[in-house]
Amino acid sequence: ERHLLCLSLDFAKHFKDHFAGNEQGVLRYKEHFDKLGMSGAQKGRGISSITIGVLEIIRGDNLVKLRALEALSEKQCFDDHVLMLMVRKSILPLVERRHIEGEAGEVEVMDALHSLGRAYMHMDDLQAIPCFEKARAGFKRLLGEDHAKYVEAAYSLAG
């Protein structure tokens, strides 16, 4: 809950600083905001409604909205490592469930696991190591040692 509180404060401040009253910033990421269902945020609903919406998405199970929020949390937009970690922690179980249901491949699970490891790494959290180890082993088994995804996971683990 403490991370969610920090997330809400950081997200609201960043949104206010970069998007409130900034039509160019809003238009640049409009597609993502539309996927999030938050395009009305610019119509006076306020910062707190944005924060509540983000927290609902993180706690929910809508993969499309989580992927859009993931894109917004990357360096080009919000550059918010806490938000990225929370989103990727929410994405992994959904992708794993889709894999069990036959809707996603095992490579997609390994991609999500590797992405989660990178988010942990940005937070200087040692939980990145098991993510990288599992992703590397999975990519090796599925794609071979010569595949770029295996090499990237091995590099992440070495770094």
Side-chain angles (χ1 to χ4, degrees), residues 1 3-8 10-11 14-15 19 26-42 45 49-123 125-159:
E1 289 296 317
H3 283 293
L4 291 176
L5 176 62
C6 292
L7 170 66
S8 69
D10 290 346
F11 186 84
H14 191 86
F15 186 89
F19 293 98
V26 171
L27 293 176
R28 183 174 178 192
Y29 299 102
K30 184 179 183 325
E31 177 183 338
H32 297 299
F33 284 113
D34 288 345
K35 286 180 188 174
L36 294 174
M38 296 182 155
S39 54
Q42 292 74 252
R45 284 184 19 196
S49 67
I50 296 291
T51 302
I52 290 167
V54 167
L55 295 174
E56 287 173 351
I57 291 168
I58 289 173
R59 292 179 178 160
D61 62 354
N62 186 323
L63 192 55
V64 172
K65 287 186 177 187
L66 283 166
R67 292 285 189 198
L69 190 56
E70 178 183 33
L72 287 171
S73 64
E74 291 186 358
K75 189 173 187 173
Q76 299 85 346
C77 188
F78 292 129
D79 194 19
D80 188 328
H81 299 302
V82 175
L83 178 60
M84 178 67 75
L85 179 61
M86 299 301 291
V87 168
R88 289 184 175 169
K89 283 171 97 174
S90 296
I91 287 174
L92 180 60
L94 293 177
V95 172
E96 288 173 333
R97 186 174 70 207
R98 289 185 67 229
H99 173 65
I100 291 169
E101 295 169 352
E103 297 175 11
E106 199 171 348
V107 172
E108 189 177 348
V109 175
M110 294 302 116
D111 285 336
L113 189 59
H114 187 250
S115 293
L116 178 59
R118 286 196 322 262
Y120 276 124
M121 186 177 67
H122 286 296
M123 298 293 294
D125 191 323
L126 293 177
Q127 291 185 54
I129 294 170
C131 292
F132 291 146
E133 288 173 341
K134 290 176 186 176
R136 182 186 65 175
F139 287 138
K140 180 179 180 181
R141 182 175 47 80
L142 297 166
L143 305 171
E145 291 181 354
D146 293 335
H147 197 278
K149 289 184 180 201
Y150 169 79
V151 173
E152 185 179 346
Y155 180 76
S156 296
L157 188 59

Chemist: Working to the nearest 0.5 Å, report the span between CE of Met84 and CG of Leu69.
Modeler: 9.0 Å
Chemist: Of all heavy-atom pairs between Ala112 and Ile91, which one has the smallest distance, and what is that distance?
Modeler: CB-CG2, 4.5 Å
Chemist: With a 4.5 Å limit on heavy-atom distance, are the side chains of Leu94 and Arg97 in contact?
Modeler: yes
Chemist: Between Leu83 and Ile58, is there a side-chain heavy-atom distance shorter than 4.5 Å?
Modeler: yes
Chemist: Decide, yes or no, whether a salt bridge links Glu74 with Arg88 under the criterion of side-chain N to carboxylate O below 4.0 Å.
Modeler: yes
Chemist: As a quick check of understanding, evaluate side chain to side chain contact (heavy atoms under 4.5 Å, CB included) for Leu113 and Leu92, giving each step before the final call.
Modeler: CA-CA 6 Å; Leu113 189 59; Leu92 180 60; 3.7 Å; yes
Chemist: Give the minimum heavy-atom separation between Ala153 and His114, together with the two atoms involved.
Modeler: CA-NE2, 3.5 Å
Chemist: Once you round to the nearest 0.5 Å, how far does OG of Ser115 lie from CG of Leu85?
Modeler: 12.0 Å
Chemist: Go through the steps for Met110 and Tyr150 under the test side chain to side chain contact (heavy atoms under 4.5 Å, CB included), then give the verdict.
Modeler: CA-CA 10 Å; Met110 294 302 116; Tyr150 169 79; over 6 Å; no
Chemist: Can you give each donor-acceptor pair under 3.5 Å made by side-chain atoms of residues 131-142, sequence neighbours left out, with the distance rounded to 0.1 Å?
Modeler:
from	atom 1	to	atom 2	distance (Å)
Lys140	NZ	Glu145	OE2	3.1
Arg141	NH1	Glu106	OE2	3.4
Arg141	NH2	Glu106	OE2	2.3

Chemist: Does the distance from a Lys or Arg side-chain N to an Asp or Glu carboxylate O, for Glu70 and Arg67, drop under 4.0 Å?
Modeler: yes
Chemist: For a 4.5 angstrom cut-off between non-hydrogen side-chain atoms, does Glu152 reach Arg118?
Modeler: yes
Chemist: Just jot down the salt bridge (charged side-chain N to carboxylate O under 4.0 Å, His left out) partners of Glu56, sequence neighbours excluded, or say none.
Modeler: none
Chemist: So, using ring pair (Phe, Tyr, Trp, His ring centres under 6.0 Å) as the criterion, who are the partners of His81 when residues are at least two apart?
Modeler: His122
Chemist: Counting distance only, does the side-chain N/O of Ser73 pair as donor-acceptor with the main-chain N or O of Asp80 below 3.5 Å?
Modeler: no
